[in-house]
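Here is the structure we will look at, set down as structure tokens.
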Amino acid sequence: MYPFDQERKINLVLADDHEVVRAGLRRLLYISKSIQILDEASNGEDAVELVRYHQPDIALLDVLMPRMDGIEATKIIKREMKNVMVVMLTAFEDALHLEQALDAGADGYLTKDISAKDLVTALYQVVQGERVFSKTIIQLMQKSYSTSFAADSSTVSISPREQEVLNLIAQGKTSPEIADMLFISVRTVQSHRSNIIQKLNIKSASGLVRYAVLNYNRDETKEKK
């Protein structure tokens, strides 16, 4: 993803099957004057087509929609349009939908009770390269994380390079992007990812993302810039 020009508006495609929800979001985002809704969809299939057409900065998607849900739409968008960020905005606060969204490549998972200020802040964080989550979702991730690792109390050592890789995973970077930023090969990045997964006994890609987000060292990231 290219550095975002903060002088221009964030371009966004919105998808939700409820017109009342879309109208509410239009009002919330209009307040900021810095976010432009290019188009709207009421189902996942139309959302994908609109994202293909507009190539927005962000696709803001509901999870459950007719014809194609937000999870499947996210998979297609992230596969075909790698520079488009995808944020799920949903009423679901459960581990299953969260993990499905992370596995699909979502860059954020926000709940619909979010305030206008927090939503705008989150959207700006996403275009700057961070993953974003509502506080309740972070709490869910923490609970799921502690439960997953409770059975293994052994000490795990993460090397400085592995922590660098984890920080970049937390920011939503792909293996090729991480390789470019750390001046190493993609194979080396994949080796680090594999080592981390084995050390932590992580079972899925979403589990690795969850661990990376919860152990994101922002101070270290700032020092690297």
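Considering only heavy atoms from C-beta on, Val213 comes within 4.5 Å of Ile138 through its side chain. Side-chain contact check for Ile114 versus Leu89: some heavy-atom pair is nearer than 4.5 Å. Counting heavy atoms from C-beta on, the side chains of Tyr53 and Asp39 never come closer than 4.5 Å. Counting only heavy atoms from C-beta outward, the side chains of Val126 and Glu130 never approach each other to under 4.5 Å. Within the 4.5 Å cutoff, side-chain heavy atoms of Ile76 are placed close to those of Arg52. Residues Gln55 and Met81 are in side-chain contact: their nearest non-hydrogen atoms beyond the backbone lie under 4.5 Å apart. Using a 4.5 Å heavy-atom cutoff, the side chains of Leu64 and Phe92 are in contact. Side-chain contact between Arg131 and Tyr109 is absent, with no heavy atoms from C-beta onward closer than 4.5 Å.
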### Task
Mind running side-chain contact (heavy atoms from CB on, under 4.5 Å) on Ile169 and Leu208 for me, showing each step along the way?
CA-CA 8 Å; Ile169 291 172; Leu208 180 59; 3.9 Å; yes
### Query
Run the side-chain contact (heavy atoms from CB on, under 4.5 Å) check on Leu168 and Met181 step by step: do they pass?
CA-CA 9 Å; Leu168 294 172; Met181 296 176 74; 3.7 Å; yes
#### Entry: Test log, rule side-chain contact (heavy atoms from CB on, under 4.5 Å), inputs Asp62 and Val21
CA-CA 10 Å; Asp62 190 12; Val21 173; over 6 Å; no
### side-chain contact (heavy atoms from CB on, under 4.5 Å) between Glu99 and Arg210, worked out
CA-CA 9 Å; Glu99 297 228 354; Arg210 185 171 66 233; 2.3 Å; yes
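In this structure, CG in Leu29 is found 6.5 Å from CG in Leu12, a value given to the nearest 0.5 Å. The distance from the CG atom of Leu38 to the CG atom of Asp57 is 8.0 Å, given to the nearest 0.5 Å. Atoms CD1 and CZ, on Ile35 and Arg26 in that order, are 15.0 Å from each other to the nearest 0.5 Å. Between Thr90 atom OG1 and Leu61 atom CG the span is 10.5 Å, to the nearest 0.5 Å. Taking CG of Asp69 as the start and CE of Met88 as the end, the distance is 7.5 Å to the nearest 0.5 Å. Once rounded to the nearest 0.5 Å, the distance linking CD1 of Ile197 with CD of Gln190 reads 10.5 Å.
Formation of a donor-acceptor pair under 3.5 Å by the Ser185 side chain with backbone atoms of Thr188 is found in this model. Judged purely by atom type and a 3.5 angstrom limit, Lys78 uses its side chain to pair as donor or acceptor with the backbone of Val84. For the pair Asp107 (side chain) and Val86 (backbone), a donor-acceptor distance under 3.5 Å is present. Remark: side-chain polar atoms of Thr111 are not paired, donor with acceptor, to backbone N or O of Ser134 under 3.5 angstrom. Here the side chain of Glu177 pairs a donor or acceptor atom with the backbone of Thr174 at under 3.5 angstrom.
Checked against side-chain hydrogen bond (donor to acceptor under 3.5 Å, both in side chains), Asp118 has the following partners two or more places apart in sequence or in another chain: Ser115. The salt bridge (charged side-chain N to carboxylate O under 4.0 Å, His left out) search around Arg67 returns Glu45, Asp46, not counting sequence neighbours.
Taking all atoms of both residues into account, the shortest heavy-atom contact from Val120 to Ser32 is CG2-CB, 3.7 Å. The minimum heavy-atom distance linking Ala122 with Leu110 is given by the pair CB-CD1, 3.9 Å. Closest heavy-atom contact between Ala41 and Arg22: O-CD, 3.7 Å. In plain terms, the two heavy atoms of Val51 and Pro56 that are nearest each other are O-CD, 3.6 Å. Residue Ala170 comes nearest to Ala212 through the heavy atom pair CB-O, 3.5 Å, listed as atom of the first residue, atom of the second, then distance.
Using a 4.0 Å cut-off between a side-chain N of Lys or Arg and a carboxylate O of Asp or Glu, Arg193 and Glu162 do not qualify as a salt bridge.
Between Asn167 and Gln163, the side chains place a donor N or O and an acceptor N or O closer than 3.5 Å (distance only, hydrogens not considered). In summary, the side chains of Asn195 and His192 do not present any donor paired with an acceptor at a separation below 3.5 Å, with no hydrogens or angles considered.
Lys112 pairs in a side chain to side chain contact (heavy atoms under 4.5 Å, CB included) with only one of the listed residues (Asp16, Leu25, Leu119), which is Asp16.
Within a 6.0 Å sphere centred on CZ of Arg187, other residues, nucleotides and ligands contribute 12 heavy atoms or fewer.
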